[in-house]
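Structure record follows, encoded as structure tokens.
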Amino acid sequence: MVAQIILLSPLVRQPLFSTRGFHSAFLRSTGGLLRLPPQIRRRLTHGGLRLYVAEAVNFEAMAIVQDGIGALLVTAGAYSLVFAFDELTKRNIIKQVWVFNSEQSLSRKVVHVLSGLLYMASWPIFSSSIEAKYFVAVAPLLNCIRLLAYGFSIFTDESLVNSVTREGKSEELLRGPLYYVVVLMFCAIFFWRESPVGIISVAMMSGGDGFADIIGRKFGSVKLPYNCKKSWIGSISMFIFGSLFSILMLYYFSILGYLYLDWRVTPEKVFLVSLAATLVESLPFSEVIDDNITVPVTSMLTASLLFT
Ligand SMILES: Nc1ccn([C@@H]2O[C@H](COP(=O)(O)OP(=O)(O)OP(=O)(O)O)[C@@H](O)[C@H]2O)c(=O)n1
Ligand SMILES: C/C(=C\CO)CCC[C@H](C)CCC[C@H](C)CCCC(C)C
């Protein structure tokens with residue numbers, strides 16, 4: 001039977017699917033020797049191999065269908081969000097809700113806050129397959145292509161420009177919004193729902209930096225001593241909302257069983273990450289390097305040190 005197992009080991013050497021339970025059953029075959037847990041080995045020795053492989057292929061096929069549908073839904077959600085806020089701005093509904101010195105900025109900031117948080121909130125609809133994170137990255141990838149196409153005016157999309165730019169200029173799409181979706185894609189692929197680092201980084205970029213702008217622009221009369229373009233209330237808002245959204249998202253993924261955190265120390269760690277990101281965001285070099293780069297990068301570095 002060992003020969004049969006070795007004959008089939010090229011089939012099973014690579015995990016045909018990668019649920020956490022079964023994936024751990026597969027060890028990278030070294031020298032063709034395959035080590036499986038006893039309950040699986042018993043099935044192999046009693047001719048269950050074909051059924052096992054069939055189940056594995058079936059599971060993988062189901063995971064691909066699930067993840068493909070998830071990618072479609074998230075992509076549709078992204079388009080709907082941008083379209084909805086363009087319509088709200090056009091109908092002056094945003095202006096009625098919040099008298100803002102420029103309703104486009106409010107629309108842009110609300111899209112900024114919601115995109116990252118809703119994107120992370122969608123992650124549990126994807127399967128536990130190793131390949132799932134690549135399906136998760138499809139929505140930000142398509143938006144990256146969309147922003148490049150419209151930013152270079154290869155195509156035009158008024159709704160996108162109106163919803164996510166300051167002054168309604170298409171070339172603005174190639175800065176803040178583009179960096180934003182690249183960060184989402186990076187965090188989905190390299191951290192996803194299995195690491196607090198990416199979750200905190202996206203929460204700080206979307207929820208923290210977004211509220212710094214919304215609150216700071218409206219109430220930020222007392223400016224920072226070292227940066228006349230930023231205010232105390234804006235930075236305090238970034239720290240508070242960045243910490244709040246980070247903790248809420250970590251808790252969300254914890255209760256769903258994706259994260260196992262020590263909640264006796266997690267809040268303090270989040271506060272330290274938020275403090276670091278807030279300090280960096282308040283510095284005057286955001287004219288040179290966009291906040292959608294400095295905030296997530298600072299969060300990733302700090303969180304990687306604290307959540308090792
Ligand atoms: N710590 C902060 C951050 C932002 N702001 C207010 O929010 C505005 C925009 O903030 P910024 O971080 O520069 O966001 P951007 O994405 O660069 O702005 P925009 O959305 O216009 O591109 C600032 O001019 C300021 O009025 C603030 O008062 N304090
Ligand atoms: C205005 C923005 C940044 C400037 O600071 C945010 C730009 C957002 C993108 C145009 C759209 C990104 C959508 C996400 C990739 C997916 C969101 C899915 C969710 C279900 C709405």
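Atoms within each ligand, like the ligands themselves, are counted from 1 in listed order. Every heavy atom of this structure was used, including side-chain atoms; hydrogens, water molecules and symmetry mates were not.
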*Pick one of side chain, backbone, both or neither for how Asp291 approaches ligand 1, counting any non-hydrogen atom pair under 4.0 Å.*
side chain

*Please state which part of Arg166 comes within less than 4.0 Å of ligand 1, counting heavy atoms only: side chain, backbone, both or neither.*
side chain

_If I apply the N/O under 3.5 Å rule, does Asn292 come out as touching ligand 2?_
yes

*asked:* Please report whether ligand 1 has a polar contact with Lys223, defined as an N or O pair separated by less than 3.5 Å (distance criterion only).
replied: no

*Note the single closest protein heavy atom to atom 2 (C) of ligand 1, along with its residue, its atom name and the distance in Å.*
Lys230 CD, 3.3 Å

*CD1 on Ile215 to CD1 on Ile233, rounded to 0.5 Å*: 7.0 Å

*Which protein non-hydrogen atom lies closest to atom 14 (C) of ligand 2, naming both residue and atom, and how far is it?*
Leu184 CD1, 3.9 Å

*Looking only at non-hydrogen atoms, which of Gly220, Ser221, Ser231, Ser282 approaches atom 27 (C) of ligand 1 most closely?*
Ser231

*Can you name the closest pair of heavy atoms from Pro140 and Leu184 and give their distance?*
CB-CB, 4.1 Å

*N/O donor-acceptor pair under 3.5 Å between Tyr180 side chain and His112 backbone*: yes

_Ring-plane angle category for Trp123 and Phe253, please: parallel below 30°, perpendicular beyond 60°, tilted otherwise._
tilted

*Starting from atom 11 (C) of ligand 2, locate the nearest protein heavy atom and write down its residue, its atom name and how far away it is, to 0.1 Å.*
Asn143 OD1, 3.7 Å

*What is the closest protein heavy atom to atom 26 (O) of ligand 1, and at what distance does it sit?*
Arg217 CA, 3.7 Å

*Just one of Val110, Val111, Leu117 clears the side-chain contact (heavy atoms from CB on, under 4.5 Å) bar with Leu114, so which one?*
Val110

_Is the shortest side-chain heavy-atom distance between Leu73 and Ser122 below 4.5 Å?_
no

*Which atoms of ligand 2 have any heavy atom of Pro140 under 4.0 Å away?*
15 (C)

*How close does the nearest protein non-hydrogen atom get to atom 19 (C) of ligand 2, and which residue and atom is it?*
Leu118 CB, 3.8 Å

_Heavy-atom side-chain contact between Phe191 and Phe186 under 4.5 Å_ = yes

*Among all protein heavy atoms, pick the one closest to atom 10 (O) of ligand 1 and tell me residue, atom and distance.*
Asp213 OD2, 3.5 Å

*Heavy-atom contacts with Gly77 under 4.0 Å: which atoms of ligand 2 show up? List them by number with element.*
21 (C)

_Closest protein heavy atom to atom 20 (O) of ligand 1, given as residue, atom name and distance to 0.1 Å_ = Arg108 NE, 2.7 Å

*asked:* Given Val164, Thr165, Asp290, identify the one with the heavy atom nearest to atom 10 (C) of ligand 2.
replied: Val164

*Who's closest to atom 1 (N) of ligand 1 heavy-atom-wise, of Glu281, His112, Lys109, Met238?*
Glu281

_Just to check, does Ser122 reach to within less than 4.0 Å of ligand 2 when the distance is taken from its heavy atoms?_
no

*Side chains of Asn227 and Ser282: do they bring a donor and an acceptor to under 3.5 Å?*
no

*To which protein heavy atom is atom 5 (N) of ligand 1 closest, and what is the distance rounded to 0.1 Å?*
Ala212 O, 3.7 Å

*For a side-chain contact (heavy atoms from CB on, under 4.5 Å) with Met204, tell me which candidate from Pro296, Ser243, Ser246 qualifies.*
Ser246

_Nearest-contact summary for atom 9 (C) of ligand 2 - protein heavy atom, Å_ = Val181 CG1, 3.8 Å

*Can you tell me the protein heavy atom closest to atom 24 (O) of ligand 1 and the distance?*
Lys229 O, 3.6 Å

*Identify whether the distance between the nearest side-chain nitrogen and carboxylate oxygen of Glu171 and Lys169 falls below 4.0 Å.*
no

*Heavy-atom contacts with Ser235 under 4.0 Å: which atoms of ligand 1 show up? List them by number with element.*
1 (N)

*Would you call Asp262 and Lys269 a salt bridge, taking side-chain N to carboxylate O under 4.0 Å as the test?*
no

*For the pair Arg175 and Asp290, find out whether any cationic side-chain nitrogen is under 4.0 Å from an anionic carboxylate oxygen.*
no

_Out of all atoms in ligand 2, which are within 4.0 Å of some heavy atom of Val74? Include the element for each._
18 (C)

*Could you pull out, from Ala78, Ser107, Gly210, the option with a heavy atom nearest to atom 13 (C) of ligand 2?*
Ala78

*For the residue pair Ser299 and Ser201, confirm or rule out a side-chain donor-acceptor distance under 3.5 Å.*
no

*List the closest protein heavy-atom neighbour of atom 5 (O) of ligand 2: residue, atom name, distance to the nearest 0.1 Å.*
His112 ND1, 2.7 Å

*Where is the nearest protein heavy atom to atom 8 (C) of ligand 2: which residue, which atom, and how far?*
Ser115 OG, 3.7 Å

_Closer than 4.0 Å to some heavy atom of Gly216 - which atoms of ligand 1 meet that?_
6 (C), 27 (C), 28 (O)

*Give me the ring orientation class for Phe211 and Phe245: parallel if the planes are under 30° apart, tilted from 30 to 60°, perpendicular past 60°.*
tilted

*Glu194/Lys133 ion pair, N-O < 4.0 Å*: no

